[in-house]
Amino acid sequence: MRFRTAIADGHLKAGDRVPSVRALSSELNLARGTIEAAYQLLMNEGYLIGRGAAGTIVSPLIKSAPVAPKITPLPSSAVSLVHSGESPWPFQMGLPALEAFPRKLWNRIASYELRHSLLDGLIYPDARGHDSLRTAVAGYLGISRGISCTPGQVFIVAGYRAGLDLICRSLLKPGDRCWVEDPGYFAAHNFLREAGATLVPVPVDADGMIVEAGVRLAPDARFSVVTPTHQSPLCVALAMPRRQELLEWACRQESWIIEDDYDSEYRYHGRPLPALKSLDGQDRVLYCGTFSKVLMPSLRLAYVVVPEKLVQRFTEIADKMHSHCPSLLQLTTARFIEEGHFGRHLKKMRSLYAHRRQLLVDALLAKFAGRLSIDHQAGGMHLLARLEKGMDDNLISNNAKRAGLAVQALSRWYLSADPEHGLLLGFTNVTDSKQATELAERLARAFPD
Ligand SMILES: Cc1ncc(COP(=O)(O)O)c(C=O)c1O
């Protein structure tokens with residue numbers, strides 16, 4: 001029956017070899033006699049021809065049906081996904097330069113790990129992350145971010161939101177108040193809200209989150225979520241006095257600061273800023289980093305550094321969550337760091353992004369003259385182009401999206417009712433000045449006349 005259908009559907013054609021009686025009986029777990037009888041029947045009906053030692057084939061006289069493509073497309077999701085796996089569009093935020101990823105080198109290290117990691121790469125992974133990656137991350141953070149921690153304090157997670165999940169399950173009680181930056185990273189806001197937190201939007205100015213406003217609005221909040229190096233999405237840095245104020249508040253209240261240091265590696269001028277965690281003498285900061293921006297987001301590898309006194313609690317929760325990260329990817333990433341490739345890759349990307357950012361700034365200034373003003377921030381992976389008064393960033397972003405540009409409206413990143421208007425433009429995948437000019441022209445067509 002199976003063969004008749006395959007022949008009728010065109011999947012088996014005249015002259016194709018069918019499996020031997022022995023192979024098929026073992027595949028289907030049926031007696032050889034049963035298979036022999038079925039083959040005999042198909043031969044009698046003219047479907048198959050026996051060729052002795054050369055095997056059994058579909059009769060050359062059979063007319064094959066053309067193979068009809070039977071792939072039914074997946075229904076498009078009714079849910080709006082933060083990431084749907086679609087190919088990125090120009091201006092997409094938060095993506096590294098995809099064509100610049102060192103695939104060959106990565107492949108060499110990945111195959112080395114597959115060959116040499118023995119059982120380690122194949123067994124169930126450690127829920128806290130693989131020792132090698134926890135050690136490599138602790139070493140990297142010590143040198144690059146001024147954070148002193150042991151590998152035991154590092155938890156490897158499948159992305160920033162998985163890190164938030166681990167933190168919330170370990171520490172959050174329903175209704176706990178949580179300061180969030182306004183404007184701020186909407187995916188984190190949504191996650192925290194769904195996890196049971198009560199969000200307290202705290203305004204942001206040129207010096208980052210206005211800590212004093214947070215203290216006024218919710219002095220007893222249990223958490224404060226901040227992006228101190230490059231505020232998301234304004235890219236401003238949290239000024240030193242505010243860092244101190246925030247740490248002092250957290251100590252006083254015994255509250256927790258969640259530091260999201262997602263793209264701190266990309267600073268193009270000025271001195272590199274140490275992480276807030278590096279000033280955390282009282283252990284109030286839960287530090288989150290990710291490999292999404294510095295390697296690739298498809299890796300789904302990120303980390304949370306937790307104070308020593310929370311290690312046991314986080315270990316128990318990580319074990320219960322059972323959302324381990326694949327060992328071979330962790331081992332590959334660890335070796336990539338240990339052998340010095342990571343440092344070299346970052347250096348290369350920093351100068352590539354500085355160049356690409358300038359390409360886009362030049363093209364926008366040439367096209368828009370006084371109609372856009374660009375915030376000159378020290379770092380980040382996107383530009384913020386502010387609009388003239390009275391212009392609606394949503395209208396422009398919607399027009400741009402219809403034209404295939406992933407431009408985001410700044411106003412949509414606000415929780416409060418009186419947002420500022422601007423356009424957020426990822427520049428990391430703008431490869432040359434011709435492309436930058438062409439993108440600026442396409443963007444200009446999204447503006448109302
Ligand atoms: C503000 C912010 N934090 C963290 C992340 C990292 O997320 P993930 O580790 O899930 O890729 C992103 C990614 O876009 C981000 O924009």
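Atoms within each ligand, like the ligands themselves, are counted from 1 in listed order.
At the top of the distance list for atom 10 (O) of ligand 1, counting protein heavy atoms only, stands Arg300 NH2, 2.8 Å. For atom 6 (C) of ligand 1, the closest non-hydrogen atom on the protein side is Tyr160 CB, 3.7 Å. Protein heavy atom closest to atom 16 (O) of ligand 1, with residue, atom name and distance, is Tyr185 CE1, 3.5 Å. Given atom 11 (O) of ligand 1, the protein heavy atom at minimum distance is Ser292 OG, 2.6 Å. Summary of contacts: the protein heavy atom closest to atom 3 (N) of ligand 1 is Asp260 OD2, 2.6 Å.
Residue Lys293 holds the heavy atom nearest to atom 13 (C) of ligand 1 of all those in Lys293, Gln231, Met381.
Heavy atoms only, all atoms of each residue included: Gly121 and Leu331 are closest at CA-CD1, 3.9 Å.
No salt bridge links Glu420 with Arg412; every basic N to acidic carboxylate O contact stays at or beyond 4.0 Å. With respect to Asp205 and Arg242, a salt bridge is recorded, a charged nitrogen being found less than 4.0 Å from a carboxylate O. No salt bridge links Asp263 with Lys293; every basic N to acidic carboxylate O contact stays at or beyond 4.0 Å.
Ser397 and Gln408 share no side-chain donor-acceptor pair at under 3.5 Å. With no hydrogens or angles considered, no side-chain donor-acceptor pair links Ser117 and Glu113 at under 3.5 Å. Looking only at atom types and distance, the side chain of Tyr287 has a donor-acceptor partner in the side chain of Asp261 under 3.5 Å away. Under 3.5 Å, the side chains of Arg145 and Ser264 contain a donor-acceptor pair of N or O atoms.
Backbone and side-chain nitrogen or oxygen atoms of Ser232 are examined, and none is located within less than 3.5 angstrom of a nitrogen or oxygen of ligand 1. Polar contact check, Arg161 against ligand 1: no nitrogen or oxygen pair lies under 3.5 Å apart. Any N or O atom pair closer than 3.5 Å counts here, and Tyr262 shares no such pair with ligand 1. No N or O atom of Thr227 sits closer than 3.5 Å to an N or O atom of ligand 1.
A heavy-atom separation below 4.0 Å is not found between Gly94 and ligand 1.
If you number the atoms of ligand 1 from 1 as listed, the ones under 4.0 Å from a heavy atom of Gly159 come out as 9 (O), 10 (O).
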